[in-house]
Amino acid sequence: MEEKKEMTALQKTQMYLENYREMERYIKDAISEVSQIDDISRYNISAERAFLQSIRECRAETVILFEHMNKALQSLKEDAEAAGEGYKYDVLEMVYIKGMSYEDVTRETGCGKNSPKKWCKAMIPKLSIKLFGAKALDNTSICSENKNNLNKTG
């Protein structure tokens, strides 16, 4: 049987940033209540109640993660500005929050061709710490220690 590898905090941070806009859309657009359905008479809603509950739970988890990310991003912005590196945070925001390409960022800011990617790479580890705390400093998988210990004893 193939063992599924857990992601590191850095990898999860990268994945969360890459999907930031999609999570925002999901929070806004997820259909989790019967009242959100226009032509309710076309569906057998009683059979769908459990599924709607599942969507509500997924949406709630997404909202919590999204708000945690926003708080971490705000803290990162404040730290970057205090260190005189607000431009690095601005580029991270342009790429991941606004969805701009590195080329578009280069044109808009007038920076070098490779700078946006380098600046994002510099910001992501700092954001990772704000999202995952001390666990981000460890290069091992997130939440996998207990599973590994269980696998060794089981």
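Throughout, numbering of the chain's residues begins at 1 and tracks the sequence.
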Do [X] and [Y] have side chains that approach each other closer than 4.5 Å (heavy atoms only, starting at C-beta)?
X     : Y     : answer
Glu24 : Lys28 : no
Ile97 : Leu73 : yes
Phe66 : Ile27 : yes
Val63 : Met23 : no

How long is the gap from [atom1] on [X] to [atom2] on [Y], to the nearest 0.5 Å?
X      : Y      : atom1 : atom2 : result
Met15  : Tyr20  : CE    : OH    : 15.5 Å
Glu108 : Asp90  : CD    : CG    : 10.0 Å
Leu76  : Lys88  : CG    : NZ    : 11.0 Å
Leu65  : Lys12  : CG    : NZ    : 9.5 Å
Lys121 : Leu10  : NZ    : CG    : 10.0 Å
Tyr16  : Leu131 : OH    : CG    : 8.0 Å

Determine yes or no for a side-chain-to-main-chain donor-acceptor pair under 3.5 angstrom, with [X] supplying the side chain and [Y] the backbone.
X      : Y      : result
Arg59  : Tyr26  : no
Ser115 : Cys111 : no
Thr13  : Ala9   : yes
Thr106 : Tyr102 : yes
Glu22  : Asn19  : no

Item checked: Considering all heavy atoms, the nearest Asp79-Lys130 contact -> OD2-NZ, 2.6 Å
Next item on the list: For Gln14 and Tyr96, test the side chains for any donor-to-acceptor distance below 3.5 angstrom and give the result as yes or no.
Entry: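 Yes, side-chain donor-acceptor contact under 3.5 Å.
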Next item on the list: Evaluate side chain to side chain contact (heavy atoms under 4.5 Å, CB included) for Met100 paired with Val105, printing each intermediate quantity in order.
Entry: CA-CA 7 Å; Met100 295 173 66; Val105 171; 4.0 Å; yes
Note to self: As a quick check of understanding, evaluate side chain to side chain contact (heavy atoms under 4.5 Å, CB included) for Leu17 and Leu127, giving each step before the final call.
What the structure shows: CA-CA 10 Å; Leu17 282 169; Leu127 180 60; 3.8 Å; yes
Check: Which is it for Thr8 and Asp138 under the side chain to side chain contact (heavy atoms under 4.5 Å, CB included) test, yes or no, and what are the steps along the way?
Finding: CA-CA 8 Å; Thr8 65; Asp138 187 3; over 6 Å; no
Item checked: Salt-bridge contact Lys77-Glu85 (side-chain N to carboxylate O under 4.0 Å) -> no
